[in-house]
*Asks:* 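What follows is a structure written as structure tokens; I'll ask about it next.
Ligands are counted one by one from 1 in listed order, and the atoms in each one are counted from 1 as well.
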Amino acid sequence: MKFTKMHGISNDYIYINCMEVTPERLSELSIEMSDRHTGVGGDGIILICPSEVADFKMRIFNADGSEAKMCGNGSRCVGKYVYDYGLTDKNVVTLETLAGIKTLHLHVNKGKVDSVTVDMGEPVTSVREIPVIYNNEMMVNAPVDTSCGVVEMTAVSMGNPHGVVFVDSLDNVDVHGLGRELEIHPMWPDRANIEFAQINSPSEITMRVWERGSGETMACGTGACATAVAAALTGRTGDRVTVHLLGGDLEIYRNPDDSHIYMTGGATTVFEGVYERQS
Ligand SMILES: N[C@H](CCC[C@H](N)C(=O)O)C(=O)O
């Protein structure tokens, strides 16, 4: 099975062209291929498929085999993939996802895409739609008991659920311990991605992320958007922020006209390969 290894600011996935054929047992395939010792290695797999309602369709599976509705870093790499491999010659491409149709603006440099701006659509803060179990319409700076004491959580969905925890300093946050604990907290009917964010200024955030189904990743596009939304919602930042993640930076902008969130960042092709399925 041919694949292309790509990453969006070091959030790395294995991309499979499914325009003709889609493999079976995709959850098992993701677990197997994502293994960084016995597989290709990655945070999951991403399929590029035909669509009847958009130019292309993206499906994303986390390293634990769970399918997610949306992947921000992955969508930028899909934009790069379809342009660089000649599946389209358009600079604006629509992408069907389980979280709706997203519009990608491809930035081409010397004939190849090097960065993409994604219209991520409107964020969701209604607890019922996220979903998160909470006794209010929105979960904003809500105290949550944890083994590390009480943290304040703000819940936002970008098509996938996020719990954002603002901290004074990231230096002493147990991202793996607390991230895992909060990912599977019973308040989330479908688990959640957990972000730990430090506000550097009204236009700069530094964050780390524990992703649902993949553990700590070097970056999370939907997580950066959710964090930017939570920061603006709680009066910590404005509508335009630079988000610094372990793997690189993302520019996040909230358009006051349509409340859509726009994310701009890099997309990189690393290598192509042929995978022998293990099971
Ligand atoms: N782990 C996420 C999917 C990947 C999102 C992330 N890699 C991004 O760039 O948005 C979830 O289960 O919702």
Side-chain angles (χ1 to χ4, degrees), residues 5-15 26-27 30-31 33-34 41-48 58-81 95 97-100 102 104 115-121 123-124 129-132 155-164 175-176 179-180 182-185 188-197 205 207-230 243-252 261-268:
K5 186 73 191 300
M6 304 177 80
H7 71 82
I9 61 168
S10 303
N11 185 202
D12 62 320
Y13 291 89
I14 300 145
Y15 291 76
L26 293 169
S27 290
S30 185
I31 294 167
M33 292 187 83
S34 302
D43 291 326
I45 66 173
I46 288 183
L47 311 183
I48 295 130
M58 172 179 81
R59 292 182 69 184
I60 172 213
F61 291 79
N62 293 308
D64 72 352
S66 58
E67 182 166 12
K69 290 186 176 174
M70 180 51 193
C71 180
N73 289 320
S75 64
R76 299 199 312 275
C77 289
V78 169
K80 176 175 177 65
Y81 184 103
L95 188 61
T97 76
L98 292 177
K102 309 298 175 186
L104 314 179
S115 71
V116 180
T117 297
V118 184
D119 175 351
M120 299 287 283
V124 167
E129 294 175 71
I130 289 175
V132 59
V156 178
S157 170
M158 294 305 299
N160 56 353
H162 295 269
V164 182
V175 173
H176 290 217
R180 176 68 180 147
L182 288 170
E183 174 201 354
I184 60 173
H185 190 288
W188 309 108
D190 306 323
R191 299 187 291 166
N193 303 284
I194 306 299
E195 285 81 23
F196 300 95
I205 300 171
M207 64 175 276
R208 287 176 66 183
V209 56
W210 176 270
E211 283 202 31
R212 174 178 63 175
S214 294
E216 179 169 22
T217 60
M218 295 294 283
C220 179
T222 52
C225 293
T227 300
V229 169
V243 180
H244 303 296
L245 299 112
L246 291 179
D249 294 352
L250 291 174
E251 299 301 327
I252 312 294
I261 303 297
Y262 292 81
M263 168 193 65
T264 301
T268 307

*Asks:* Counting only heavy atoms, which portion of Y13 has something under 4.0 Å from ligand 1: side chain, backbone, both, or neither?
*Replies:* side chain
*Asks:* Which atoms of ligand 1 sit under 4.0 Å from any heavy atom of N73?
*Replies:* 8 (C), 9 (O)
*Asks:* Identify which of R212, R191, E67 has a heavy atom lying nearest to atom 12 (O) of ligand 1.
*Replies:*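 Considering heavy atoms of R212, R191, E67, the nearest to atom 12 (O) of ligand 1 sits in R212.
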*Asks:* Using a 4.0 Å heavy-atom threshold (strictly under), name the region of I60 that reaches ligand 1: side chain, backbone, both or neither.
*Replies:*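 Within the 4.0 Å criterion, I60 contacts ligand 1 through side-chain atoms alone.
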*Asks:* I'd like to know whether Y81 forms a side chain to side chain contact (heavy atoms under 4.5 Å, CB included) with M6, so could you lay out the CA-CA distance, the side-chain angles of the two residues, the decisive distance to 0.1 Å, and finally the verdict.
*Replies:* CA-CA 9 Å; Y81 184 103; M6 304 177 80; 4.0 Å; yes
*Asks:* Which of the atoms of ligand 1 are close to E211, meaning less than 4.0 Å from one of its heavy atoms?
*Replies:* 1 (N), 2 (C), 3 (C), 4 (C), 5 (C), 6 (C), 7 (N)
*Asks:* What I want to know is whether G221 and ligand 1 share at least one N or O pair that is separated by under 3.5 angstrom.
*Replies:* yes
*Asks:* Does M70 approach ligand 1 within less than 4.0 angstrom via side chain, backbone, both or neither, non-hydrogen atoms only?
*Replies:*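 For M70, only backbone atoms sit under 4.0 Å from ligand 1.
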*Asks:* Say whether G72, considering both its backbone and side-chain N or O atoms, lies within less than 3.5 Å of an N or O atom on ligand 1.
*Replies:*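 Yes; at least one N/O pair falls below 3.5 Å.
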*Asks:* Give the atom numbers and elements of ligand 1 that come within less than 4.0 Å of a heavy atom of A68.
*Replies:* 3 (C), 11 (C), 12 (O), 13 (O)
*Asks:* Is any N or O atom of N11, backbone or side chain, closer than 3.5 Å to an N or O atom of ligand 1?
*Replies:*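 Between N11 and ligand 1 (N or O atoms, distance only) the closest approach is under 3.5 Å.
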*Asks:* Tell me yes or no: between the side chains of N160 and T222, is some donor less than 3.5 Å from an acceptor?
*Replies:* yes
*Asks:* Tell me which part of N193 gets within contact of ligand 1: side chain, backbone, both or neither, using heavy atoms under 4.0 Å.
*Replies:*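 The answer is the side chain.
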*Asks:* Between N160 and ligand 1, find which residue part has any heavy-atom pair under 4.0 Å and reply side chain, backbone, both or neither.
*Replies:*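 Just the side chain.
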